[in-house]
Amino acid sequence: MTDNASGVLFDLLHSQLVAYIYSTIDNKNKGVSQLESLGFRVGVSLGEQLTKDLPRFRDELEVMKFICRDFWSSLYQKQVDNLRTNHQGVYVLQDNAFKLLTHISVGKQYLDCAPRYLALSCGLIRGVLSNLGVKSVVTSEVISMPSAKFQIMVQRT
Amino acid sequence: MSKHLKLPEELCCNPTPFIVLTGLDNVYNAVHKSIWDAFCNNRRNDRLQIQFSCLPGDHAYPRSKTKRTSYDWYIPKGLLKSSWMKKHLSLLPSVVVVFFELDWDDPAWKERHLACASRVQVVRSSLQGRTTKVAVVLIQKSTPLPPGEDMVAAERAAALCSACELSAKSLFILPHTDQLLGYIIRLENAFYELSQVYYRTEARRVKAHKEFLNKTTHQLLFPRHQFKIGFFNEMIQDPTSALKHYRHAYTHVHELRTYESNNLEIKLVGGFVNYKICKLCFLKLNAPLDAITQFRQHVEQFKSMCGSQDLLFEHSAWLSHQYQVFADLFSEAISKGLSAIQTQHPGFYYNQAAYYAKIRKQCAQKLKASLQDQTYPSEDPLKVEVLEFYGQRPWRQGQQRIDPADHSKEKDGIMALQLEETKQDHSLQIISLLGSAISIFKNYHCHRLKRQLTVQMGEEYYHAGDYMKVVALLTRATADYRTGRCWLILSKILWMLLHCSYLTADLESFLIHSTQLLSRHLSIPHDDKITVQHSLMNLLMRQIPLPILLPASFDHVPEHHTSAYNDAEEKWKTLLSSPKSFPVYSLQVTDAIPFVECKFQFSKPQFTMEEVIALHVFTRVTCPAPCKISKLLVLLNNGTELSVEENAEKDAKKSDLKQYTPFEIKEHVLKFLCSPHEKQNVLEVRQLSVLLGSSNGLSIDLIWSDQFVDAATDPKPSSPFSMAQLGGEKCWDDISNITSTEIVECPSRLKVNILHKTPAFVGEAYAIDIKINSSESNDFTAENVTAVLSLKQNENSETEAHLSEKCSDLHTSKAKSLQLALGNMETNQTIERTVYVQTTQASVLHFSLHVSYQMQKPSELPKTGVLTCTSSESIDFAVEVLTPFNFTAHVTSLNLDSVSTVNQNQPFIVLVNVSSENFSPIQINSFSLHLNENDGFKTAGEQSPALDGKVLQQRECAVGAFTVLCDKSHDPSTSFLIGSCTFEWSRFESENPAQKVTLQRKLPSILVKSSPVSITAAVPAFGHLRQKLTITYSLKSHISEPQTIEISCEGSDAFMFSGTKNSTGFLAPGEAHNYSYNFFPLAIGYQELPRFMVSCTKHAEDEKAAQKVDQYPQNRFIFVKP
Amino acid sequence: MAVCIAVIAKENYPLYIRCSANVEDELKFHFTVHTSLDVVEEKISSTGKTSTARAPDMREFYLGQLYPSEDYRIYGYVTNTKVKFVMVVEASNTQIRDNDVRSMFRRLHNAYTSVVCNPFYILGSNISSKAFEKVVAGMIVDEQKKELFT
Amino acid sequence: MSKTTGRAFENKKLVGELFTLTYGALVSQLIKDYEKDEEVNKQLDKMGYNIGVRLVEDFMARSNLGKCQDLRETADVIAKVAFKMYLNITPVVTNWSLANDEFSLILENNPLAEFVELPERHSDLNYANVLCGAIRGALEMLQLEVETWFVKDALKGDATTELRVKFIKKLTDALPAGED
């Protein structure tokens, strides 16, 4: 369960948000994409906030490390457990206990509704990255709760 | 540049020692000529820097002033004499060389050497009071002997020296031989030495004056002297000390008290010294940073020294020149290998030069106004044959007093200067300066700065009245500022552009730039915008545009400008009245910002072919006044063109194109259908164009093409929004383009179901019923409905299966898929078809059925007639194929215990076992054995009733037993196939007789043993204790030879018996014997009979072949009851 | 104190330009800001290479003075998100030190961040935030501008 | 990847920030979806209610406080404990009605609105309306039916932000299920 009070507050807000979005839209994937673009906007803001006191990033990898450490730990009170890359612009972040999933019951039975609880975070990541000049597509995957995988595909232009 | 401010070239050149050669007659004397040439022709860089000149021996050099013994009463009249540098560069030599032809052994030595002496004298006298060195060169025909050997030479040389009062060091011999150049270079070095000595002494002399000077009266002399010393040091090629003294000079210049009357003189000389310093730092001492700091200070210190207000222009002119000169030096240094950086290169200095040139121009323009009715003074105050001191006013030379003596003269002088100034073509200078700046910025990744200068250049051309150039230059600049979204700048540029396009009556540029200037981004005063719009509208109606005026704030109009307006109007008149028709001018919106804005959205992400596709086009105008759009045209990727015409009264919606009120968003819904071949395609907008103006008048086509994506950071297309939702007012930015949609087939309205009673059985013709029912609404005919049934086999599966519509020709058909043309179907009509499949192996067959059809529908759009749309659906299903029943067969002895070997001629039983696992009952219509007669198998005795007509329910099984024997003798080691059997079966009560399937199965194989005698005995099932039972063993010969047989019957505890115990007999071919026994069982239970044995010996010629075979009856046990 | 302050989007177009009230031609500063981007870009592009022998301060947001100009000093600052701030100070104004400029930029940066965090702010649109205006107003000089040559 | 933590972030604050920003995103989404600010306010209140209903349990767990005696005590707990705990601010409780059944919470700064500047065209929006709902929902779980609304809003130019809470009645019957 979430540790600090404001964390609880966020969880509740988040689930209200998800519930609301899904109450408005007709098909599932649209809900995900809506949450995602909400997240994007928030991500952009966070990107501005969190990098305010860091030295300028030299390259993409530094940005990714920032995501995995500072960004993650400041949002989810823990670092990403594993970062892998193919050095062709694909990065996979794994969080073995993703905060927004921890309060959904562990196991497989709710897997189908997992995407909607990750959508916002995907957007957050994409937002931060895009604000840091890395255009990307971020997708999420849950094999078993509460561990989540985020795949970042950098769009090279 | 007014020349009195320019740096004189004597200052800019590199000072080099000046040496005069006399006594050379280059005209008539070839030898002399060659010598002269050797001195001054093709001097390469490795030669010393020397300025030679060839003068007559009696040349009069500048007289030297009588040296004053004290400076006490001396008041200098100026800073730097304009003659001084010239004098030392080209008039007053450091060395004078006297060339004289004289050989040591000259017969007339006496006279000649005196003549030489007198020549020297002449030179000496003309150099009265100078320390100029004199040298003598004897041109001799013969090469001299090595020194010391030629006594005559030595002695005569000494004589000559004394005659000329010349030190031996100053006497040189130039043998005129073939190594001339070698000698010359040696001489040159010698002369150079002398000149160095000369200039050093000169420098020292000037320095010496210092003692006599006092700060009050001789201020001017301090800088002057230091300058001179510096200059001499340059002559000596000693840049370091030169720099030192120039720096002194510079500081002294600054110590001078300045007032209006000497302002220019001080600035000018200060400029000179600064120039020398910078030059040395840049080019000689490779200290660019020193140069730059020096220049910075220089400008800092002098910038404020602007002198008389009437001559402000002079100051900025001077400043501008300072910058230009510095920039030139900087560039020269770079060309000599200095590397500059983005933020420190000549470009900036040229730019500054241009900047001050502009200020100068402004001053000049202010003057112009004031000087309207002034005339140039009768006697020219500027006219003067020679100006003694740099930077002094011609009309009051040599005066060093704070206020001019003669005020009227002063006034005239100043006015003369001013009038001169107004004659200058300032713009030209500015442009050229900007030009050099631009060319330099190019090299230092400063394209934006470059752009800015281009714009300034354009403005300058505007002032110069070259409006074409303006249009050309500024048009180029617009792109950067548009992409950079510098609206303020862009507004200004476009305004200027439009102004000039008007003046030059440049139609296209006028159209293009006015459409942009009207855009909401660009800010010009509202009234002006109105004018611009009017002009544009006029033009579109082929009328003369209103004149476009620039803001009053902008630099005032050049005089030739007013006339330009009238010319312009004429130009327009002629242009527009000309009969020729104008092309449609098109404007790519990707490189423009027009006042018309467009966005569009497909109302849905997906349309079926029968649906009417709706494309919403949102447009608005951002110009100040209402305006109209004549045509709106959308081009799709499939080539479809959709348009909204202004003059299309048939549709009410479209007529509202007419009037656009500013910033009102208009929505046009373009409804259309796509052609059938569009199915499964993505439909997207390729291009959208908005036509302004009329076809009969003029027109512009605004074209949106390639990418329509907004600048928004989020690439996702947001959800389409409706005008209703925003209740009319909605910020334009919330509309995002949705430029593509997907076209899909109409949903199929055929009910297709497939009936079959799985499982299928191997070999049978399995029937699959396909039932299609059309539920297509309001009785449309589903045209040429086609169903394709196909077997989905993975290639490696070897199951042999094929389809056919008739089961009769199944065996012939090899079809893996069937196409059923079902023709047209009315609504609610149902079609059924049966298809048969047959396979040879138990497996699972996968099928897919694809049903497709077309139909003609009247579209929901009026006047679009019918449209053909296709739809289809496919169903996948699988059929399990099983074997109809399990078949087993095995061999047993007559009393049914299974055996793997049988004796020849001894009958045995073949058991055939058929069992069904399947729930659908099976009937065996007929069954038949086919024994393998070639190997001697044949049926023996009566047969059990065959399986014919048996019906097997699930888990039932039928058994058939057949007695068979083999009458051929075989090799006992190999087994032989008994034969095979065939079934003919069908599903029980199958109505279809054709569905009988025949099936063949193999019978097992067995080993067959051959025997000479066969023993058979009729043994009863059981006997009783102590009751006699008789058993007869009958022996039969099976071989063609006679044989001896010995029979024996051993006693046993279980029986008493009577009958032959032992006997030998003879058995002829085919003959049979019987032996009967009576047995009395003594024990109960299953007992072995007393062992009966026959051993028969074939009679054969040779003994070897006579082998003995023992044989026993088959059944040797009996059950004994009590 | 500055005479002109500008915020430039990562795509290099101005999000905000504000000049001191008594600047007689604003246009000039628009040019100045625009052209200063040449240098900013150059400096940013060299950041990537800092992994080589380049000095670490290349990773600082503050870019220092951009390019020399007769009567102005132009300072630059770039955030991690490639948003640029440009500040123009009169050359005559000597009491303002490098560190003052740094801290001014810092305040701008914070103010800008809040602007982005405002949910009603449309990304990439011009800045019209009152709070931001206030911060900027605190940095802009409004004392009379000096005449040339006096 | 290496486990070395980056610079120390004050997580609490940042989670708060994430909350604030996400809330902002939610509000702007609502504004997109609804025409009228009033409807947006309603939605926010409803969500707030749902949050409040669920928050109570967590609140009880963290602050093991007994049952409040009267409204005054309740008000104090809301201000001094609840707000402090979840939003890290302590509003001032004041402006009691004579009947002691109505009071105000004065927020000198509203964390929800930290970065917000209201556009003119949303003058009717109660940006932080979620708070009203939350309080209402939470108290309802404690068998107190109240009304809550904004009296002043700093976002609309008022000096402070003032939340009014009015006690309606005690609920005796079983807890109502939070309307979802």
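In this structure, the portion of A:E62 lying under 4.5 Å from any heavy atom of chain C is its side chain and not its backbone. At a 4.5 Å heavy-atom cutoff, the contact between C:Y112 and chain A is made by side-chain atoms alone. Both the backbone and the side chain of A:N131 come within contact range of chain C, with heavy atoms under 4.5 Å apart.
For the residue pair A:E48/C:T81, the side-chain donor-acceptor check at 3.5 Å is satisfied.
Heavy-atom minimum distance, A:S45 versus C:V116: OG-O, 3.4 Å. Closest approach of C:I44 and A:R56 over heavy atoms only: CA-NH2, 3.8 Å.
Between A:T51 and C:T79, every side-chain heavy-atom pair lies at or beyond the 4.5 Å cut-off. Looking only at side-chain heavy atoms (C-beta outward), C:Y121 and A:R41 come within less than 4.5 Å of each other.
One N or O on the side chain of C:N80 and one on the backbone of A:F57 form a donor-acceptor pair closer than 3.5 Å. In terms of modelled atom types and a separation under 3.5 Å, the side chain of C:K82 and the main chain of A:L132 share no donor-acceptor contact.
Here the CD-OG1 distance, from A:Q49 to C:T113, works out to 6.0 Å after rounding to the nearest 0.5 Å.
With sequence neighbours excluded, the residues satisfying ring pair (Phe, Tyr, Trp, His ring centres under 6.0 Å) with C:H34 are B:Y481.
Between chain A and the options C:N110, C:V115, C:V83, the largest number of non-hydrogen pairs under 4.5 Å is found for C:N110. Interface check for chain A: of the options C:C117, C:S114, C:P119, the most heavy-atom pairs under 4.5 Å are formed by C:C117.
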